[in-house]
Amino acid sequence: MPGLENNLAVRRCLTFLTGLVECLCFAGAVFGWASLVYVLKTEGYFSNLCVNSTGVNSTQVLDCTGQDEQFSLVFTIASFMNNFLTLPSGFLFDRFGTTVSRIFGIFAYTTGTLTVAVSTPALSNLLFPALSFLAVGGILLLMTNMQVGNLFGSHRSTIITLYNGAFDSSSALFLVIKLLYESGVSLRASFFFLSGCSAIHLFRTFFLLPRHFIPYPLPDRYTYGITCGKLKAPSSEVVAKSNSESPAEETPLNKDAPVKQEKSFRECLLSWFFVWHLLWLSVIQLRHYMFIGTLYSMLHRLTAGEPTLVSQYINAFAITQLCGILCAPWNGLIMDRHKGKPRRPGESEQQADLRASVLSLFLTALQCLLFSVCASTSYLPLQYLTFILQVLNRSFLYGGNAAFISVAILASLW
């Protein structure tokens with residue numbers, strides 16, 4: 001038994017670490033759009049939309065407002081597809097499980113990277129489907145990884161928020177591509193390399209993740225992955241018992257647990273609890289999308305078009321995104337800490353978990369208010385603070401929201 005337990009522990013650690021790398025290096029790359037725009041503008045994408053105009057003192061200047069608007073439109077459509085297809089992606093995940101969802105996500109992500117790789121300034125419109133595929137594929141990678149938190153019991157919220165923080169930090173991937181481009185590595189080579197990295201995602205799909213789902217609460221000696229049958233226990237009796245209890249790939253939930261009547265999907269969808277949280281999330285998320293989509297043009301305006309300053313601030317923004325993985329666990333620790341407090345009389349564990357998330361939601365809303373005030377101020381040095389508040393708020397928003405939803409499902413949908 002100790003040998004089996006050790007093997008399971010090692011597998012869980014590998015699942016956690018490789019999932020963290022996947023979220024950190026790939027899943028949320030689309031949100032580093034400002035860094036990629038810098039490269040694309042240098043390459044001449046949508047340059048046909050730049051026109052000569054008369055500036056101050058009747059001087060001729062190149063007006064690229066149309067080009068900037070087209071880049072903003074690319075990101076707007078990608079972010080819309082990211083959110084619009086979240087519901088179908090969730091249905092796909094619920095209906096077919098982890099393997100099918102990840103294969104679809106990997107296909108979308110690889111298609112996006114290959115499309116950018118083969119695009120040229122003459123084929124600038126390929127950026128529209130490419131970024132949309134990257135966004136949809138990335139969210140599916142994150143969605144299938146968040147269940148890994150179920151492997152770690154009382155630290156579940158911390159793991160979920162950590163993964164979401166890594167998702168935020170992965171927007172720095174486009175900064176790496178920008179720096180490589182400035183060092184002489186072509187845009188095409190970078191995206192072909194990202195396409196080749198899909199082999200890593202496929203490896204995790206078949207060897208380090210379950211075919212269907214990771215249950216919560218986690219059953220004893222829960223196993224998963226295509227090679228789980230090769231794990232050896234010192235006692236054949238234990239193996240026989242395990243096989244009789246789990247003929248499938250994964251250990252089922254406890255069948256002796258009382259069966260509760262679930263609310264219908266329609267009842268959950270129309271509940272005020274769900275509607276208000278959806279509205280709250282949508283407003284804050286829209287603010288972030290507007291900021292990321294217009295960041296390049298805003299910096300261009302505040303720096304009076306000075307290329308060196310624009311590059312400097314874009315690099316600063318991308319570097320702060322790396323801190324998302326450091327900020328996200330704070331929110332999870334706040335929630336896990338409050339979950340550990342004694343429950344009120346007559347309060348269930350799920351209701352106590354739900355109450356513990358109130359502070360997290362309040363802090364997230366407060367951060368968004370401060371971020372919006374700074375972003376609306378036309379003072380260039382203040383934007384450093386704006387970048388810090390933005391990454392902190394995004395980490396709290398997505399990590400806290402994922403943990404909150406997982407708690408709310410157990411607390412209110414029964």
Side-chain angles (χ1 to χ4, degrees), residues 1-27 90 93-94 97-102 105 140-167 200-233 238 242 245-246 248-254 257 325 328-329 331-333 335-337 339-340 349-350 353 356-357 398-410:
M1 174 125 50
L4 176 62
E5 294 295 337
N6 289 337
N7 284 330
L8 292 176
V10 170
R11 180 178 293 276
R12 290 175 187 179
C13 288
L14 284 175
T15 299
F16 164 68
L17 292 175
T18 55
L20 190 64
V21 171
E22 190 173 77
C23 290
L24 180 62
C25 298
F26 303 98
F93 184 38
D94 286 338
T98 303
T99 300
V100 173
S101 300
R102 283 182 60 85
L140 272 168
L141 291 179
L142 173 65
M143 186 184 300
T144 54
N145 272 310
M146 284 194 295
Q147 62 180 325
V148 174
N150 296 347
L151 296 172
F152 296 91
S154 60
H155 301 290
R156 181 170 177 246
S157 293
T158 302
I159 298 299
I160 291 174
T161 53
L162 182 64
Y163 271 21
N164 278 267
F167 177 82
I200 300 174
H201 310 319
L202 288 172
F203 175 84
R204 290 196 69 249
T205 299
F206 293 111
F207 290 91
L208 293 175
L209 284 171
R211 182 180 303 170
H212 298 295
F213 310 100
I214 299 176
Y216 183 81
L218 197 70
D220 292 337
R221 294 189 299 278
Y222 171 75
T223 59
Y224 59 93
I226 199 170
T227 59
C228 65
K230 297 180 181 179
L231 295 177
K232 295 182 179 180
V238 173
S242 175
E245 291 179 351
S246 180
E249 175 195 38
E250 297 141 37
T251 307
L253 294 174
N254 185 6
I325 193 173
N331 200 8
L333 290 171
M335 297 182 71
D336 285 338
R337 182 176 180 275
K339 286 180 187 179
E349 182 180 355
Q350 289 79 15
D353 289 348
S357 65
Y398 295 124
N401 174 69
F404 172 79
I405 291 296
S406 66
V407 168
I409 288 174
L410 295 176

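What you see below is based on every heavy atom in this structure, not just the backbone, and it leaves out hydrogens, waters and symmetry mates.
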[atom1] of [X] to [atom2] of [Y]: how many Å apart, nearest 0.5 Å?
| X | Y | atom1 | atom2 | result |
| --- | --- | --- | --- | --- |
| Phe203 | Thr18 | CZ | OG1 | 8.0 Å |
| Leu209 | Arg204 | CG | CZ | 4.5 Å |
| Leu151 | Ile214 | CG | CD1 | 4.0 Å |
| Met146 | Phe93 | CE | CZ | 8.5 Å |
| His212 | Thr98 | NE2 | OG1 | 9.0 Å |

Looking only at non-hydrogen atoms, find the nearest pair between [X] and [Y] and report the distance.
| X | Y | result |
| --- | --- | --- |
| Ser101 | Thr144 | CB-CG2, 4.0 Å |
| Gly149 | Ile160 | CA-CG1, 4.5 Å |
| Asn145 | Gly19 | OD1-CA, 3.8 Å |

Within-4.5 Å side-chain heavy-atom neighbours: Asn150 and Ile159: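 SC-SC contact between Asn150 and Ile159 ruled out.
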Using the six-membered ring wherever Trp is involved, compare the ring planes of Tyr163 and Phe16 and label them parallel, tilted or perpendicular (cut-offs 30° and 60°).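 Because their plane-to-plane angle is under 30°, the rings of Tyr163 and Phe16 count as parallel.
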Applying the side chain to side chain contact (heavy atoms under 4.5 Å, CB included) test to Glu22, which of Ile200, Leu141, Leu208 qualifies?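 Per the side chain to side chain contact (heavy atoms under 4.5 Å, CB included) rule, the option paired with Glu22 is Leu141, out of Ile200, Leu141, Leu208.
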Matching residue for His201 among Phe26, Phe206, Phe207 - test: ring pair (Phe, Tyr, Trp, His ring centres under 6.0 Å):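 Per the ring pair (Phe, Tyr, Trp, His ring centres under 6.0 Å) rule, the option paired with His201 is Phe26, out of Phe26, Phe206, Phe207.
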What pairs with Thr205 under side chain to side chain contact (heavy atoms under 4.5 Å, CB included), at least two apart in sequence or on another chain?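 Scan of Thr205 (side chain to side chain contact (heavy atoms under 4.5 Å, CB included), adjacent residues dropped) gives Thr99, Arg102, Ile106.
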